[in-house]
Amino acid sequence: QVQLVESGGGLVQAGGSLRLSCAASGRFFSNYPIGWFRQNPGKEREFVAHISTSATNTYYADSVKGRFTISRDNAKNTAFLQMNSLNAEDTAVYYCAAGGWGPGRVEATGYEYWGRGTQVTVSS
């Protein structure tokens, strides 16, 4: 089993940057692809980014492509989401998740383990 804890969220002005971390405990972190999702109240959880087990492949939602970068350090059991050029539409609770194999990587239902989320608020 994998336990995930997100950190790094906060309040930032439009145009600013944040770096989210996803620390994993438990075994076999390196065996799982990692995804980042975000969610606002009353809305469905939205796919943001995905990274393969060895970090050789990444995939992004169109809305964040060119602004966000997903990465991972398997030696430290940690994944990251670097977010640049933030705007008000990026405001949400951000979750990391383990799993997301193949085409299922963009669907929340495709992931096995979830963190509790970290709030990101972008002021305009």
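Nothing here was measured: the structure is a model prediction, and the numbers come from that model. Only heavy atoms go into these numbers, but all of them, side chains included; no hydrogens, no water, no symmetry mates.
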Enter the distance from [X]:[atom1] to [Y]:[atom2] here, rounded to the nearest 0.5 Å.
X	Y	atom1	atom2	answer
T121	Q119	OG1	CD	4.0 Å
D73	S21	CG	OG	10.5 Å
N74	S30	CG	OG	5.0 Å
R38	F47	CZ	CZ	11.0 Å

Do side-chain atoms of [X] reach the backbone of [Y] as a donor and acceptor pair under 3.5 angstrom?
X	Y	answer
N87	G15	no
R72	A55	no
E6	C96	yes
T91	V122	yes

Path from M83 to V12 over hydrophobic side-chain contacts below 4.5 Å: yes
ILVMFWY network linking L4 to L81, side-chain heavy atoms under 4.5 angstrom: no
Does a side-chain heavy-atom distance below 4.5 Å link [X] with [Y]?
X	Y	answer
F29	K76	no
Y113	Q1	yes
W36	C22	yes
Q82	S71	no
D90	F68	yes
H50	Y60	no
F80	R19	yes
Y32	E112	yes

Shortest non-hydrogen contact from [X] to [Y]?
X	Y	result
W101	N31	CH2-O, 3.0 Å
V106	F37	O-CE2, 3.9 Å
T118	G9	OG1-N, 3.2 Å
V93	G117	CG1-CA, 3.9 Å
I34	I70	O-CD1, 3.8 Å
S85	R67	O-NH1, 3.0 Å

R116 to Y95 six-membered ring, cation-pi geometry met (6.0 Å, 45°): no
R105 charged N/C atom sitting above Y59 aromatic ring, 6.0 Å / 45°: yes
Verdict with reasoning, V120 to L18, per side-chain contact (heavy atoms from CB on, under 4.5 Å): CA-CA 9 Å; V120 171; L18 282 175; 3.9 Å; yes
Side-chain donor-acceptor contact under 3.5 Å, N84 with S17: yes
Modelled atom types, side-chain donor and acceptor of Q13 and S123, under 3.5 Å: no
Verdict with supporting geometry, I51 and N57, side-chain contact (heavy atoms from CB on, under 4.5 Å): CA-CA 6 Å; I51 189 167; N57 293 300; over 6 Å; no
